[in-house]
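Sequence lines set the chain letters: A, B, ... in the order given, protein chains first and strands last, and positions in each chain run from 1.
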Number of protein chains: 2
Amino acid sequence: MPKPSAINHAMQKYGEYLTRHGLKSTVQREIIVNEFLRTKGHLSADELHSRLRVSHSSIGLATVYRTLKILAEAGLAHERRFKDGYSRYEYTGPDGMHHDHIVCVGCGQVEEFENKEIETLQRQEAEKRHFKMLDHKFEIYGICRQCQERGGE
Amino acid sequence: MPKPSAINHAMQKYGEYLTRHGLKSTVQREIIVNEFLRTKGHLSADELHSRLRVSHSSIGLATVYRTLKILAEAGLAHERRFKDGYSRYEYTGPDGMHHDHIVCVGCGQVEEFENKEIETLQRQEAEKRHFKMLDHKFEIYGICRQCQERGGE
DNA sequence: TTCGCTGCAAACCATTTGCACCCAT
DNA sequence: ATGGGTGCAAATGGTTTGCAGCGAA
């Protein structure tokens, strides 16, 4: 679970985004955003909705989708699409720092890593082409150690 | 258009894959694979199907999907999912070498780049985790020079 | 003669949208 | 009181699949 200070920072950024875009703050959004921010990992809309169902059964899946979209536009969530057909969202901390992913195509587990050098190189590539870089996605697909040992087809 | 020698190599690899998996060679697949291999860029199933419609109007979209899946499994096509909701496939040459992408979120244009250093670093990351690396995906999202000049939010 | 392949249409299914009511501003 | 927000159900739309007939091996 992220540090409280990080969550506060995020809530503030989220609030600013709402105001700046003439959007309203509602209880549902508050609940969704809170749960999202304090959940580690890659959440699909459906998973997030299930989590909320326990304590807030009346919140609709559509609202979860709509709120996740807002979070992504506000720069608080990164949308990732691995290979299971779902869009997954991930909160990546107050400094906008994000890690990359290494996905096992055998069992579906996702590990994360950060690599400063890669980060630097990609920034250079963007500059070389006069792109203002906004986001990036880096995923390695492979077979994890367990799946290799388990033997595969 | 790729060099003929590259296409031949690919056709051979494709044929081997069919045999090895008890699959059959058919005229439709032949046509689809040929068109795919000699088309540069990122093709969606629908785009490829449209191309074929001109000269081979009876080929069904489902067959295009099925054939693209085979090509991907045979290692001849890389599946990429940018942000328009389509799966796009790309033929990346006989050496399995693939480039990465830098996508403009303004106009949708996709530029390509290769970076040996990044390639090396990612391989190290995979090894460090005992992953047998199969594929990777690296995409940078940003705003291209023209879209920056054109201004816009 | 097998058994995979094809086109078609129907099915899938994650995501989006229309609508009538609700509520923050 | 505005006009955006919500839940629900229906619509969307890219992709997959069932099926009956076809064709490669």
Side-chain angles (χ1 to χ4, degrees), chain A residues 11 14-36 42-74 77 79-89 108, chain B residues 11 14-36 42-74 77 79-89 108:
Chain A
M11 290 302 286
Y14 158 75
E16 281 166 10
Y17 181 86
L18 291 186
T19 310
R20 183 152 28 88
H21 290 258
L23 303 175
K24 289 173 181 168
S25 168
T26 69
V27 274
Q28 289 93 329
R29 283 183 182 164
E30 211 70 13
I31 291 166
I32 295 169
V33 171
N34 239 286
E35 181 67 27
F36 175 74
H42 315 94
L43 277 173
S44 68
D46 199 61
E47 283 169 359
L48 182 47
H49 182 239
S50 297
R51 259 164 207 275
L52 297 171
R53 248 187 186 306
V54 185
S55 46
H56 303 275
S57 57
S58 67
I59 292 183
L61 178 55
T63 301
V64 175
Y65 272 105
R66 291 188 270 235
T67 305
L68 282 173
K69 185 168 273 184
I70 290 175
L71 286 169
E73 281 162 6
E79 189 184 344
R80 293 284 173 259
R81 217 169 276 203
F82 302 122
K83 298 226 160 150
D84 59 359
Y86 292 79
S87 283
R88 295 180 170 282
Y89 293 83
Chain B
M11 290 301 288
Y14 158 74
E16 281 166 9
Y17 182 87
L18 291 186
T19 311
R20 184 152 27 88
H21 290 257
L23 303 176
K24 288 174 184 170
S25 168
T26 69
V27 276
Q28 290 92 332
R29 283 185 182 163
E30 210 70 14
I31 291 166
I32 295 169
V33 171
N34 238 286
E35 182 66 28
F36 175 74
H42 315 94
L43 277 173
S44 68
D46 200 60
E47 284 170 357
L48 182 48
H49 183 239
S50 297
R51 260 163 205 275
L52 297 171
R53 253 196 179 301
V54 184
S55 45
H56 303 275
S57 57
S58 67
I59 293 182
L61 179 56
T63 302
V64 175
Y65 272 105
R66 291 188 271 233
T67 305
L68 282 173
K69 184 167 273 183
I70 290 175
L71 285 170
E73 281 163 6
E79 189 184 345
R80 293 287 172 257
R81 219 169 279 202
F82 302 121
K83 297 225 159 150
D84 60 358
Y86 291 78
S87 284
R88 294 180 172 281
Y89 292 82

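No donor-acceptor pair under 3.5 Å is formed between the side chain of B/His49 and the backbone N or O of B/Tyr65.
Taking five base pairs at each end of the helix from C/dT1-D/dA25 to C/dT25-D/dA1, the local helix axes there meet at an angle of 30°, rounded to 10°.
Considering only residues two or more places apart in sequence or on other chains, B/His42 meets the ring-ring contact (aromatic ring centres under 6.0 Å, His included) condition with B/Phe82, B/His101. In this view, B/Ser87 and B/Glu79, B/Arg81 satisfy the side chain to side chain donor-acceptor pair (under 3.5 Å) rule, not counting sequence neighbours. In this structure A/Thr19 satisfies the side chain to side chain contact (heavy atoms under 4.5 Å, CB included) test with no other residue, sequence neighbours excluded. Judged as a side chain to side chain contact (heavy atoms under 4.5 Å, CB included), and not counting sequence neighbours, the contacts of B/Ala77 are B/Phe36, B/Leu71, B/Tyr89. Evaluation of the side chain to side chain donor-acceptor pair (under 3.5 Å) rule for A/Asn34 yields A/Arg38 as partners, not counting sequence neighbours.
One finds the CD1 atom of B/Ile31 at 4.0 Å from the CD1 atom of B/Ile59 (value rounded to the nearest 0.5 Å). The CG atom of A/Leu48 sits 5.5 Å away from atom CG of A/Leu68, with the distance rounded to the nearest 0.5 Å. Note that CZ of B/Arg66 is 12.5 Å distant from CG of B/Leu23, once rounded to the nearest 0.5 Å.
Within a heavy-atom distance below 4.0 Å of DNA chain C, the residues of residues 52-61 of chain B found are B/Ser58, B/Ile59, B/Gly60.
Looking at heavy-atom distances under 4.0 Å, A/Ser25 makes contact with sugar-phosphate atoms alone, never a base.
Position along DNA chain D of the nearest nucleotide to B/Arg81 versus A/Val64 favours A/Val64 as the more 5'-ward residue. Comparing B/Asp46 and A/Gly22 along DNA chain D, the residue whose closest nucleotide (by nearest heavy atom) sits nearer the 5' end is A/Gly22. Nearest-nucleotide mapping onto DNA chain C: of B/Arg29 and A/Thr26, the residue sitting toward the 5' end is B/Arg29.
One interatomic measurement links the two molecules: NE2 of B/His21 to P of D/dA25, which rounds to 17 Å at whole-angstrom precision. Between the CG atom of B/Leu68 and the C1' atom of D/dT16 there is a distance of 14 Å, given to the nearest Å. Between A/Leu18 atom CG and D/dG3 atom P the separation is 19 Å, expressed in whole Å. If you take CD of B/Glu79 and P of D/dG14, they are 15 Å apart, rounded to a whole angstrom.
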What's touching nucleotides 20-23 of chain D from the protein side, N or O pairs under 3.5 Å?
| residue | atom | partner | partner atom | Å |
| --- | --- | --- | --- | --- |
| D/dG23 | N2 | B/Lys24 | NZ | 2.9 |

Identify all pairs in which a protein N or O lies below 3.5 Å from an N or O of nucleotides 17-19 of chain D, and state each distance.
none

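For D/dT15, one of the phosphate oxygens OP1 or OP2 lies less than 4.0 angstrom from a side-chain nitrogen or oxygen of B/Tyr65.
Residue pairs meeting the salt bridge (charged side-chain N to carboxylate O under 4.0 Å, His left out) criterion with at least one partner in residues 42-53 of chain B, sequence neighbours excluded, are B/Glu35-B/Arg51, B/Glu47-B/Arg88. For the ring-ring contact (aromatic ring centres under 6.0 Å, His included) condition, the pairs that include at least one residue of residues 14-33 of chain B, sequence neighbours left out, are B/Tyr17-B/His21.
Taking the 5' to 3' direction, DNA chain C first and last meets chain B under 4.0 angstrom from a heavy atom at C/dC3 to C/dC8.
The nearest pair of heavy atoms linking A/Leu18 to A/Lys24 is CD1-O, 3.9 Å.
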